Amino acid sequence: MRRKLIVAVALVAIAAGVTFGLLRRAEAPRADFVALSGANFSTADLRGKVVLVNFWATSCVTCVAEMPRLVAAWQQYAPRGYETVAVAMSYDHPNAVAEFARSRALPFRVALDASGEVARRFGNVSVTPTSYLLDRRGRIVTRYVGEPDWQDFRSRVERALAEPA
């Protein structure tokens with residue numbers, strides 16, 4: 001009987017530890033961005049906002065297709081403290097990125113990653129689109145490889161916006 005109780009308590013402790021570990025969010029990496037405007041900012045500067053860091057390329061069909069939804073999400077959530085940073089991959093020519101952003105009137109920050117350092121800091125991102133949703137404390141809520149499930153995306157953004165900073 002005593003042995004069964006010890007085993008039961010141990011299993012509960014293990015389950016609690018695993019659950020806590022799964023619920024704990026990893027800190028987003030420190031990254032420095034250079035916007036098309038020439039402004040410099042970092043992940044630390046974005047604290048207090050829910051942020052989507054989206055790695056994309058002008059040559060990526062899926063990236064181009066998802067941009068109108070990223071714009072719509074920004075328009076819907078920006079008044080509540082949401083930000084998007086669209087990070088162009090290092091192989092994308094700055095002129096092509098600037099023309100894309102201009103022709104589509106992207107309302108959010110577009111950053112150039114000329115050296116590839118931002119992509120490296122976010123786990124060597126090489127597949128586009130890859131996006132990271134960060135909470136107000138700068139922790140990673142989730143990562144999307146490919147176009148997000150938009151219902152899941154909206155749900156996660158809503159929950160993150162409801163959390164205190």
Side-chain angles (χ1 to χ4, degrees), residues 25-163 165:
R25 295 179 183 162
E27 189 80 17
R30 164 88 177 157
D32 296 309
F33 303 99
V34 178
L36 278 177
S37 67
N40 294 305
F41 62 100
S42 70
T43 48
D45 297 326
L46 299 169
R47 294 268 171 95
K49 293 187 174 210
V50 173
V51 180
L52 183 72
V53 179
N54 173 257
F55 291 89
W56 68 289
T58 58
S59 59
C60 165
V61 173
T62 304
C63 301
V64 172
E66 80 174 356
M67 275 299 169
R69 289 190 134 168
L70 295 180
V71 169
W74 184 88
Q75 290 169 335
Q76 179 180 357
Y77 296 120
R80 294 174 50 201
Y82 174 85
E83 182 65 72
T84 298
V85 179
V87 182
M89 297 298 284
S90 62
Y91 52 82
D92 228 341
H93 194 279
N95 291 342
V97 174
E99 176 55 26
F100 184 95
R102 187 201 60 73
S103 69
R104 288 164 177 82
L106 298 182
F108 42 75
R109 297 184 202 197
V110 177
L112 300 171
D113 187 18
S115 69
E117 182 61 23
V118 177
R120 276 191 291 285
R121 289 192 175 259
F122 274 86
N124 293 315
V125 173
S126 61
V127 175
T128 57
T130 295
S131 300
Y132 291 84
L133 183 63
L134 312 180
D135 68 13
R136 294 181 190 273
R137 294 183 184 143
R139 300 173 303 178
I140 298 171
V141 173
T142 194
R143 177 181 75 156
Y144 297 101
V145 178
E147 191 169 358
D149 171 314
W150 292 104
Q151 184 174 351
D152 175 75
F153 173 80
R154 286 189 300 276
S155 175
R156 288 177 189 266
V157 169
E158 287 287 348
R159 282 195 308 265
L161 286 169
E163 292 177 2

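All of these numbers come straight from a predicted model, not from anything done at the bench.
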Check whether any side-chain heavy atom of [X] lies under 4.5 Å from a side-chain heavy atom of [Y], and answer yes or no.
X	Y	value
L134	L46	no
L52	Y82	yes
L70	W56	no
V97	P94	no
Y91	S59	yes
F100	V110	no
W74	E83	yes

Worked check of side-chain contact (heavy atoms from CB on, under 4.5 Å) between N54 and M67: CA-CA 10 Å; N54 173 257; M67 275 299 169; 4.0 Å; yes
Ring pair (Phe, Tyr, Trp, His ring centres under 6.0 Å) partners for F122, two or more places apart: F55, Y132
Residue list, ring pair (Phe, Tyr, Trp, His ring centres under 6.0 Å) with F41, at least two apart or on another chain: F33
Provide the closest heavy-atom pair for [X] versus [Y] in the form atom of the first, atom of the second, distance.
X	Y	answer
A57	M89	CB-CG, 4.4 Å
E66	G146	OE1-O, 4.4 Å
L36	A98	CD1-CA, 3.9 Å
V85	A111	CG1-CB, 4.2 Å
P129	C60	CD-SG, 3.7 Å
S90	A114	CB-O, 3.5 Å

Distance-only polar pair, side chains of R143 and T130, donor-acceptor under 3.5 Å: no
Is there a donor-acceptor pair under 3.5 Å between the side chain of [X] and the backbone N or O of [Y]?
X	Y	answer
D92	T58	yes
T142	L133	no
R136	L161	yes
D135	E163	no
T43	P29	yes

Straight-line distance of R159 CZ to R154 CZ, nearest 0.5 Å: 13.0 Å
Separation between CD of Q76 and CZ of R69, rounded to the nearest 0.5 Å: 11.5 Å
R121 and E117 ion-paired at < 4.0 Å: yes
